[in-house]
Structures are given as C-alpha cells and as structure tokens.
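For reference, the structure is listed below as structure tokens.
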Amino acid sequence: MKIAILSRNSSLYSTRRLVEACKARGHEPHVLDALRCYMNITSHRPSIHYKGEQLENYDAVIPRIGASVTFYGTAVLRQFEMMGVYPLNESVAISRARDKLRALQLLARKGIGLPVTGFAHKPDDIEDLITMVGGPPLVIKLLEGTQGIGVVLAETKQAAESVIEAFMGLKTNILVQEFIAEAGGADLRCLVIGEKVVAAMKRQGKEGEFRSNLHRGGTASLVRITPEERSTAVRAARTMGLNVAGVDILRSNHGPVVMEVNSSPGLEGIERASGKDVAGQIVAFIERNGKLGRTRTRGTG
Ligand code: ADP
Ligand code: MG
C-alpha cells in the first residue's frame, strides 16, 4: 500500500517507527508535512499538491497531527478523506478528541467514568464553581496546556480561588476537577487499536509530584490492567470515533476515570515500557481496514 504519514518531523521516534513498520510489511510510506500541503477545495476532483506535485494513488493516511496545527492538519486530512483515501483516524474524530470540553461531554453522555469536572471561562461566582465540583482539593487546568504545564493542585478553597482568579486573567478556558488523591501520582496510558488495548503502561510521578507526565520526571512501567479499565479505554476510544487512541485513566476509588483521549499517541514510551511493536500493529490494522473509499464520514463532517 502507498501510505501517507502526516507528520511535521520525520526524525521523531513515532514517525520513524511508523515508516519502519510500513517498510517491514512491504508498504510504501511517505512522510508529508501537512502545513506544506495545499489544495483546491472547490474542485470536483479533490486533490492535494505537495512541493509542486499532485499527491496520487495513496491507499491510506496516518495522521500525526500536533496540537498546534490541529486546524490546518485536520483540513488536509479531510481533503484526503474526500479523495477516498483511508484515514487511520478520521478528521472528525480527531477534532472531537482535541476539544477537551466536547470530548468530556461526549464521554459523560456515554456514561464513561470521569473525574467530577467543571468548565469555566469567566465565572462571576468562583465560590459556587468550587462548590459545584465538590470543593477542595481540586485540580485546576488550563485548557491549552500539555505535558503537565498549567495543571495545578489547589488543596484549600483559598488556593483554588486564587488559582482560578489568576487563570481567569489569562482569558482562557479553565477546567476545575476533583483531585483523585488515591491515584497516588500515577495514571495509566492505554493504547487502543480498533477494539483492543494492545499495550498499557503506568506512569508514576516523581516523589512529591501528583503529575505523572514523563516530561515532569515521571517514570513508565509495564502494568496489568483490569477488565474494567480495558473496557473503559476501548469505550472511550469508540466514543471519540478513534481507531487508534491513547486513553489516559486514573485509578479512583469509584473505578477507572478517563482524563483524556489522545488521537496521536506517542509510541516511544509505550513501546519501551511494553516491549510491543505498536507501530507494526497500527500498520496491520490499516491492512485489515484500509480499503479505498472506506471513510465512514466521507465529506460530511
Ligand atoms: P496534560 O495534558 O498537560 O498532560 P493532564 O490533564 O494529563 O494534563 O494532567 C497532568 C497529570 O496530572 C496527569 O497525568 C495526572 O497524573 C495528574 N492529574 C491530572 N488531573 C488529575 C486529577 N483530577 N486527579 C489526580 N491527578 C490528576
Ligand atoms: Mg496528560
């Protein structure tokens, strides 16, 4: 198969592994920078141009769209979909997952376990917001944050109020969430492909840190997840409409709760921790499902 990998950087671990896996299974991978793609969106025969040439005869596309280029990246992916090229994850599903508010609302509607969570932009009554989500201790997050930056633990009402006030000054959307203390500074990353969790790891924050992000000094290890955690991860991915997803779960004393569903999960941590060939399994999934014109939402999303 001729497979496009939408990635801005071919030297990234995940991109390299996907290229390797495609080649190892006899396919022809091409790494394309979505921002360099240009297209005539009104043409009757949708096409994409890249460095002066028209992209032709692709069978499948693997989107690895970074958070900062979601808007343009999903537009390029949509154009591939309109050409009938099979997307590993659909543009609509990626947009759903990237919008944290929309994602949590959809997960809640399906009855998937979530930490009690509030959203706000410019609340007039901060005290009421705090009470609404069950009071301190609370985790307060900037919606645009990644790698644990902009995630703060407020242990008292006073602390929560001042953090919310400070975040409000940044004129951004704020998420106020029940603190799952019993998770002990750890979370689970479940890598879902299709209807299966193919690999899972536990990330543990460093001593005295409630955030488990590897970028914040956390460490990853292999973990056995429970059947309930497994089905929660699979249902979360399915709710987003993602074929491949990294589902982040906290172990709370009211069962597994989903924090986030990532549409371009990194492969390095999970392959190292699990020793599994996740990239190979992704390509195998495409072989099974990637028929031309098999895009479910083709042109309608
Ligand atoms: P980011 O997108 O920046 O990684 P997250 O929402 O994933 O932000 O939060 C970073 C880390 O903080 C998580 O991996 C988890 O370990 C911890 N954390 C986040 N929310 C909670 C919560 N409600 N209760 C307990 N720990 C949390
Ligand atoms: Mg995270």
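Only this structure's heavy atoms are used, side chains among them; waters, hydrogens and symmetry mates stay out. Read the numbers this way: they start at 1 and go in the same order the structure lists the ligands and their atoms.
Aromatic ring orientation, Phe285 versus Tyr86: tilted (interplanar angle from 30° to 60°).
In the model, Lys276 has no side-chain atom that pairs as donor or acceptor with a side-chain atom of Gln281 under 3.5 Å.
Around ligand 1, the residues contributing at least one heavy atom under 4.0 Å from the ligand are Lys100, Val139, Lys141, Gly145, Thr146, Gln147, Gly148, Val151, Gln177, Glu178, Phe179, Ile180, Asp187, Phe210, Arg211, Ser212, Asn213, Leu250, Met259, Glu260.
Qualifying salt bridge (Lys or Arg N to Asp or Glu O under 4.0 Å) partners for Glu178, counting only residues two or more places apart in sequence or in other chains: none. Scored by the salt bridge (Lys or Arg N to Asp or Glu O under 4.0 Å) test, Glu155 finds no partners at all (sequence neighbours excluded). Partners of Lys206 according to the salt bridge (Lys or Arg N to Asp or Glu O under 4.0 Å) rule, which considers only residues two or more places apart in sequence or in another chain, do not exist here.
Residue Ser263 comes nearest to Leu242 through the heavy atom pair CB-CD2, 3.7 Å, listed as atom of the first residue, atom of the second, then distance.
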